[in-house]
Amino acid sequence: QVQLVESGGGLVQAGGSLRLACAASGRTFSTYAVGWFRQAPGKERLFVSTISRSGSSTYYADSVKGRFTISRDNAKNTVYLQMNSLKLEDTAVYYCAARARTYSSGSYYRNEYAYWGQGTQVTVSS
């Protein structure tokens with residue numbers, strides 16, 4: 001089992017950058033594939049990015065491809081989401097999630113993740 005805490009959200013102007021962090025406790029984070037999801041008010045929680053246990057494989061939603069970068073530092077039990085060139089439509093609560101340890105890769109689907117953080121708010125202003 002793993003507990004996840006997101007941080008790094010805040011208010012940023014369009015075109016700016018933020019780096020989110022997902023810190024884990026419990027079992028070593030290297031055991032888990034991790035995903036980032038986001039949810040805007042009145043919207044469903046949608047896939048943003050995922051990274052495999054080793055960090056060798058990453059995937060991104062089309063809406064963030066080329067602007068966001070997911071990475072992990074397993075020695076620090078932390079996964080990061082670097083967000084550049086932020087747009088108004090990036091405004092959402094961002095969540096990190098971990099899959100069950102039997103899966104080496106991430107998933108596009110929120111129901112395939114076993115553990116979730118509390119979320120961190122990202123607000124992009126004009």
Side-chain angles (χ1 to χ4, degrees):
Q1 190 171 8
V2 64
Q3 294 78 47
L4 308 176
V5 178
E6 303 95 334
S7 63
L11 178 64
V12 64
Q13 291 186 350
S17 298
L18 286 173
R19 188 176 74 159
L20 306 184
C22 176
S25 61
R27 290 192 63 89
T28 55
F29 214 3
S30 60
T31 308
Y32 300 90
V34 173
W36 284 96
F37 290 76
R38 65 187 184 186
Q39 187 169 23
K43 305 289 186 178
E44 63 180 327
R45 192 171 299 184
L46 296 176
F47 169 78
V48 175
S49 183
T50 188
I51 190 166
S52 62
R53 292 192 303 211
S54 67
S56 61
S57 298
T58 60
Y59 295 92
Y60 301 91
D62 288 343
S63 59
V64 307
K65 194 173 299 180
R67 299 187 297 119
F68 290 11
T69 303
I70 190 170
S71 62
R72 69 190 303 160
D73 186 342
N74 286 335
K76 296 181 178 180
N77 284 333
T78 302
V79 169
Y80 302 96
L81 185 68
Q82 178 67 47
M83 306 186 296
N84 298 326
S85 301
L86 283 162
K87 303 175 180 179
L88 294 177
E89 52 264 43
D90 294 320
T91 295
V93 176
Y94 284 71
Y95 299 87
C96 68
R99 299 194 75 185
R101 289 182 292 137
T102 52
Y103 298 98
S104 60
S105 61
S107 172
Y108 293 167
Y109 305 105
R110 63 182 183 273
N111 63 352
E112 295 185 356
Y113 289 84
Y115 311 103
W116 292 84
Q118 85 289 349
T120 185
Q121 176 71 47
V122 172
T123 302
V124 183
S125 63
S126 60

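Small disclaimer: the values here were computed from a predicted structure and weren't measured. We number each residue from 1, following the sequence as shown.
- Remark: the backbone N or O of Q39 is not paired with any side-chain donor or acceptor of E44 at under 3.5 angstrom.
- Cation-pi geometry between R19 and Y80 is met: the NZ or CZ atom falls under 6.0 Å from the ring centre, inside 45° of the normal.
- Looking at every heavy atom in both residues, G119 comes nearest to V93 through CA-CG1, 3.8 Å.
- Across all their heavy atoms, A24 and V2 have their closest contact at CB-CG2, 3.6 Å.
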Criterion side chain to side chain contact (heavy atoms under 4.5 Å, CB included) on M83 and Y94, from CA distance to verdict: CA-CA 11 Å; M83 306 186 296; Y94 284 71; 3.8 Å; yes
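- Residue-environment remark: OH (Y103) stays at or below the threshold of 12 foreign heavy atoms within 6.0 Å.
- A donor-acceptor pair under 3.5 Å is formed between the side chain of S49 and the backbone N or O of Y59.
- Sorted by first and then second residue, the disulfide (SG to SG under 2.5 Å) pairs with a member in residues 40-69 form an empty list; sequence neighbours excluded.
- Other members of the cluster containing V5 do not exist, because no ILVMFWY side chain is joined to it at under 4.5 Å.
- In this structure, Q13 contributes its side chain and S125 its backbone to no donor-acceptor pair below 3.5 Å.
- Using a distance-only test at 3.5 Å, with no hydrogens or angles considered, no donor-acceptor pair links the side chain of Y95 to the main chain of R45.
- In this structure, CD1 in I51 is found 13.0 Å from CZ in R53, a value given to the nearest 0.5 Å.
- Taking the side chain as every heavy atom from C-beta outward, Q3 and Y115 never approach each other to under 4.5 Å.
- Sorted by first then second residue, the disulfide (SG to SG under 2.5 Å) pairs that include residues 41-75, not counting sequence neighbours, number zero.
- By the criterion of side-chain heavy atoms lying less than 4.5 angstrom apart, applied directly or through intervening Ile, Leu, Val, Met, Phe, Trp or Tyr residues, Y32 is not grouped with F47; the two fall into different hydrophobic clusters.
- The closest donor-acceptor contact from the side chain of S30 to the backbone of N74 lies at 3.5 Å or more, if one exists at all.
- A heavy-atom distance below 4.5 Å is found between the side chains of L81 and V48.
- When ring centroids are compared, F37 and W116 come within the 6.0 Å threshold.
- One N or O on the side chain of Y113 and one on the backbone of S107 form a donor-acceptor pair closer than 3.5 Å.
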Could you walk me through whether F68 and L20 pass side chain to side chain contact (heavy atoms under 4.5 Å, CB included), step by step? CA-CA 10 Å; F68 290 11; L20 306 184; over 6 Å; no
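- Scanning for side chain to side chain donor-acceptor pair (under 3.5 Å) contacts around S17 gives N84, with sequence neighbours left out.
- A donor-acceptor pair under 3.5 Å is absent between the side-chain atoms of R99 and the main chain of S52, judged by distance alone.
- For the pair T69 (side chain) and Q82 (backbone), a donor-acceptor distance under 3.5 Å is absent.
- Residues meeting the side chain to side chain donor-acceptor pair (under 3.5 Å) test with S54, sequence neighbours left out: S56.
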V122 and L18: side chain to side chain contact (heavy atoms under 4.5 Å, CB included), yes or no, with the steps? CA-CA 9 Å; V122 172; L18 286 173; 3.9 Å; yes
Intermediate values then yes/no, side chain to side chain contact (heavy atoms under 4.5 Å, CB included), Q118 and E6: CA-CA 7 Å; Q118 85 289 349; E6 303 95 334; 2.9 Å; yes
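- The closest donor-acceptor contact from the side chain of D90 to the backbone of T123 lies at 3.5 Å or more, if one exists at all.
- Screening residues 5-118 for disulfide (SG to SG under 2.5 Å) gives C22-C96 as the qualifying pairs, with residues at least two apart or on separate chains.
- T50 has its side chain out of reach of T58: every pair of non-hydrogen atoms, C-beta onward, lies at least 4.5 Å apart.
- Distance alone, capped at 3.5 Å, places no donor-acceptor pair between the R38 side chain and the A92 backbone.
- Y60 and Y108 are members of different hydrophobic clusters when ILVMFWY side chains are connected at heavy-atom separations under 4.5 Å.
- Scanning both residues, G106 and A33, for their nearest heavy atoms gives N-CB, 3.7 Å.
- V34 has its side chain within reach of R72: a pair of non-hydrogen atoms, C-beta onward, lies under 4.5 Å apart.
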